[in-house]
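Just so it is clear: chains get the letters A, B, ... in the order the sequence lines come, proteins before strands, and each one is counted from 1.
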Number of protein chains: 2
Amino acid sequence: MVTMSIRDVARLAGVSVGTVSNVLNRSDRVSAETAARVRSAIDELGFVPNSAARQLRVGHSSTLGFVMLDMGNPFFAEVGRGANDAAALAGLSVLLGASDQNSSREGDYLDLFEEQRVRGVLISPIGDVTPHLRRIRERGIGSVLVDRNGTGTGFSSVSVDDVAGGYAAARHLLDQGRRRIAYLGAQFEIQQVTDRLKGARRAIADVGGATFEVISARGLTVSDGRDVGKSLGKRAVRSWPDAIFASNDLLAIGLVQALILTGTARVPDDIAIVGYDDNEFASAAIIPLTTVRQPSRLLGTTAVQILLEEAADSKLEPRNVQFQPQLVVRQTSMVESGAS
Amino acid sequence: MVTMSIRDVARLAGVSVGTVSNVLNRSDRVSAETAARVRSAIDELGFVPNSAARQLRVGHSSTLGFVMLDMGNPFFAEVGRGANDAAALAGLSVLLGASDQNSSREGDYLDLFEEQRVRGVLISPIGDVTPHLRRIRERGIGSVLVDRNGTGTGFSSVSVDDVAGGYAAARHLLDQGRRRIAYLGAQFEIQQVTDRLKGARRAIADVGGATFEVISARGLTVSDGRDVGKSLGKRAVRSWPDAIFASNDLLAIGLVQALILTGTARVPDDIAIVGYDDNEFASAAIIPLTTVRQPSRLLGTTAVQILLEEAADSKLEPRNVQFQPQLVVRQTSMVESGAS
DNA sequence: GAAGGTGATTGAATCGTTTCACAGATTAGC
DNA sequence: GCTAATCTGTGAAACGATTCAATCACCTTC
């Protein structure tokens with residue numbers, strides 16, 4: 001590995017290393033002609049600064065870490081994009097890690113980020129705020145919870161009001177006249193999953209006269225939803241729910257697909273379905289999916305902004321920004337009135 | 001920022017810094033009792049090694065960089081997962097950057113990775129192998145092209161035979177009796193897009209007697225596909241193709257959706273559709289999508305393996321691994337015989 | 001009991017930057 | 001023409017790990 005150092009540049013340009021460094025970082029303190037000479041030496045040697053050395057000296061890196069729950073989920077991909085954009089604006093880059101809902105991987109990534117002395121970490125935590133996370137914060141590394149309300153935890157957070165989203169989804173089903181509601185979830189240790197459930201329960205209680213059940217899927221993917229759809233077919237028809245609120249779009253899409261393709265039930269006639277996220281595929285599903293939209297990109301940019309503000313002034317109180325989700329009604333929940 | 005160094009640990013444990021380092025890295029060279037003492041000091045102080053310092057000393061980091069074309073695309077998400085898995089096995093982590101089909105961002109990430117002295121870079125390049133990439137490689141940083149055949153470029157690569165995939169897709173449409181074939185693509189500077197086109201052209205030539213046209217979309221997303229579907233509705237019906245091969249699933253899904261929902265055309269009766277990728281949503285689309293499946297995860301793991309092998313033995317010839325894609329026939333291309 | 005061997009530990013040099021106190025040279029002010 | 005102020009540029013001291021030759025302590029062996 002051929003490696004040029006600032007020293008080589010200095011020698012070639014006939015200046016001291018300090019000057020080269022100044023050209024790189026505080027170009028106002030150096031005369032125009034020396035700067036030019038140094039720059040041409042840099043080009044000639046193909047010098048690229050070693051960020052490890054800089055980092056060692058200044059004490060922290062110029063990256064942010066983001067531990068995301070699931071990188072295959074378009075919702076998080078979009079959050080990541082937002083974070084990236086905001087970070088780039090501040091000259092930072094984002095180191096991405098996918099915990100894939102596995103808490104030991106979550107911990108591994110936090111360790112990694114800590115070793116790298118990242119400028120701050122964004123995390124969509126799997127469950128509770130772990131001791132791991134607390135330690136990172138005590139160390140002085142700013143952290144913002146993403147897609148998770150951190151009120152009371154002492155952490156700043158950027159989230160969407162999942163209880164309200166769950167309420168809106170269930171309420172909509174009830175308003176459509178459905179009375180045997182089911183909530184389809186998985187991995188109930190994930191806060192969002194239980195918050196949406198909580199909202200749904202609240203709506204049921206408010207309206208009254210409806211039954212409610214919780215169905216567990218194995219995971220939160222399309223294929224898990226498909227499995228649930230298939231197994232539903234094996235239950236006695238009269239025990240079926242007449243509406244299912246799924247904790248994300250992927251599950252809902254899989255569910256709808258299984259119901260339709262196996263001819264188990266008509267959607268929405270027999271069973272109405274509502275998803276959550278409004279990802280790119282919700283509107284393109286077998287039957288366009290009624291769902292709850294979240295401002296995903298905004299979540300990412302806001303999280304980074306908060307992180308940077310806190311890094312600039314460490315005495316700031318934690319902020320918990322909560323966005324409101326928006327119900328998007330499409331065809332999986334609307335029986336067309338007027339049609340036969 | 002409270003920062004403990006190896007020095008603090010050494011003092012507390014009553015040993016030298018060298019010994020602490022040995023405990024961390026070559027634990028066989030240190031007696032069991034000292035090791036224990038050192039470890040408890042580490043715990044007590046909450047010491048976490050500074051990877052910048054290590055990196056500076058050893059000369060390279062323990063991360064790989066991956067510049068991916070589009071992180072919202074589930075295909076790449078899956079490739080990334082594979083890469084992550086393989087890297088984790090070797091004790092490395094992956095720094096992800098999304099070029100989002102923007103070549104200046106691609107360059108920025110390469111710069112960043114170079115400054116970070118990553119152990120190697122994976123890249124799904126937008127277009128040609130850029131000078132940028134060549135420079136990185138001259139510097140001795142291994143690089144593997146992902147989802148791009150690098151034969152003749154001097155770079156190792158891991159790809160899927162897109163020409164064969166394009167051929168299979170078009171051939172399938174022809175075998176179904178379609179004779180007015182269209183290829184729907186966008187961003188033709190992307191190699192995959194043109195390779196699939198090339199394969200399709202070849203199939204048309206082989207079979208003969210069919211017309212062929214190329215339709216351009218704005219981009220490669222679901223909504224771009226939707227736009228094409230809408231504008232197709234404005235063309236004279238007799239000028240329509242009777243089959244469209246889209247350069248990825250997202251486009252195909254959007255296209256199908258627009259055709260169906262606006263009632264423009266029946267799929268597959270009027271127009272048959274084939275996509276590419278077989279992503280999680282293809283089988284869950286409005287009408288399950290005929291598509292070409294790629295071994296995405298395998299692509300990621302193989303790329304990392306090659307990278308590591310090359311890093312271990314720098315005199316290795318570049319290897320260009322090419323996987324074969326697989327046509328997956330679903331309903332967007334099959335008129336059910338026997339039905340009315 | 002001297003020589004040699006083995007295993008554990010030490011401490012200084014090193015990696016490539018940034019930073020800062022300082023030195024020369026030039027300009028300005030009076 | 002002298003002092004002060006302003007610009008440029010210098011060079012050495014960090015930053016926190018790893019590494020390696022050197023040292024030390026303790027056994028064997030003859």
Residue pairs, two or more places apart or on separate chains, that pass salt bridge (charged side-chain N to carboxylate O under 4.0 Å, His left out) and touch residues 15-27 of chain B:
none
Per-helix bend value, the helix from C:dG1-D:dC30 to C:dC30-D:dG1, C1' rotation axes over five pairs per end, 10° rounding, shows 40°
Protein-nucleotides 5-11 of chain C N/O pairs closer than 3.5 Å?
residue : atom : partner : partner atom : Å
C:dT9   : OP1  : B:Ser31 : OG           : 3.4
C:dT9   : OP1  : B:Thr34 : OG1          : 2.6
C:dT9   : OP2  : B:Ser31 : N            : 3.0
C:dT9   : OP2  : B:Thr34 : OG1          : 3.1
C:dT10  : OP2  : B:Ser16 : N            : 2.7
C:dT10  : OP2  : B:Ser16 : OG           : 3.1
C:dT10  : OP2  : B:Thr19 : OG1          : 2.6

Quick one: list whatever passes salt bridge (charged side-chain N to carboxylate O under 4.0 Å, His left out) with A:Arg81, sequence neighbours left out.
A:Glu78, B:Asp70, B:Asp100
Can you measure B:Glu114 atom CD to C:dT17 atom P for me and round it to whole angstrom units?
12 Å
Residues in side-chain hydrogen bond (donor to acceptor under 3.5 Å, both in side chains) contact with A:Gln101, at least two apart in sequence or another chain:
A:Gln187
Just do the side chain to side chain contact (heavy atoms under 4.5 Å, CB included) check on B:Val121 and B:Arg137 with the steps written out, would you?
CA-CA 9 Å; B:Val121 342; B:Arg137 181 263 221 356; over 6 Å; no
Regarding A:Arg148 and A:Asn320, is there a side-chain donor-to-acceptor distance under 3.5 Å anywhere?
no
What does the list of N/O pairs under 3.5 Å between the protein and nucleotides 24-27 of chain C look like, with a distance for each?
none

Pick base, sugar-phosphate or nothing for B:Ser5, based on heavy-atom distances below 4.0 Å to the nucleic acid.
sugar-phosphate
Can you tell whether the side chains of B:Arg319 and B:Glu310 come within less than 4.0 Å, N to carboxylate O?
no
All side-chain hydrogen bond (donor to acceptor under 3.5 Å, both in side chains) counterparts of B:Thr151, not counting sequence neighbours
B:Asn149
Can you measure A:Arg26 atom CZ to C:dT18 atom C1' for me and round it to whole angstrom units?
8 Å
Side-chain donor/acceptor pairs under 3.5 Å, residues 124-132 of chain A, sequence neighbours excluded:
residue  : atom : partner  : partner atom : Å
A:Ser124 : OG   : A:Val67  : O            : 3.3
A:Ser124 : OG   : A:Leu69  : N            : 3.1
A:Thr130 : OG1  : A:Leu133 : N            : 3.2
A:His132 : NE2  : A:Asp111 : OD1          : 2.7

I'd like a table of donor-acceptor pairs (distance under 3.5 Å, sequence neighbours excluded) in which one partner is a side-chain atom from residues 299-306 of chain B, with atom names and distances.
residue  : atom : partner  : partner atom : Å
B:Thr301 : OG1  : B:Leu298 : O            : 3.1
B:Thr302 : OG1  : B:Leu298 : O            : 2.6

Measure the distance from CG on A:Asn25 to C1' on C:dC20 and round it to the nearest whole Å.
14 Å
Below 4.0 angstrom, N of the basic side chain to O of the carboxylate: do A:Asp108 and A:Arg105 qualify?
no
Nearest whole Å is fine: how far is C:dT19 C1' from A:Leu56 CG?
13 Å
Go through DNA chain D in 5' to 3' direction and return only the first and the last nucleotide with some atom under 4.0 Å of chain A's heavy atoms.
D:dT8 to D:dG16
Among all residues two or more places apart in sequence or in another chain, which pass the side-chain hydrogen bond (donor to acceptor under 3.5 Å, both in side chains) test with B:Ser103?
none
So how far is it from A:Gln116 CD to A:Leu95 CG, rounded to the nearest 0.5 Å?
6.0 Å
Got a sec, which residues hit side-chain hydrogen bond (donor to acceptor under 3.5 Å, both in side chains) with B:Thr221, two or more places apart in sequence or on another chain?
B:Asp224
Can you find an N or O donor on one side and an acceptor on the other, under 3.5 Å apart, linking the side chain of A:Arg57 with the base of C:dT18?
yes
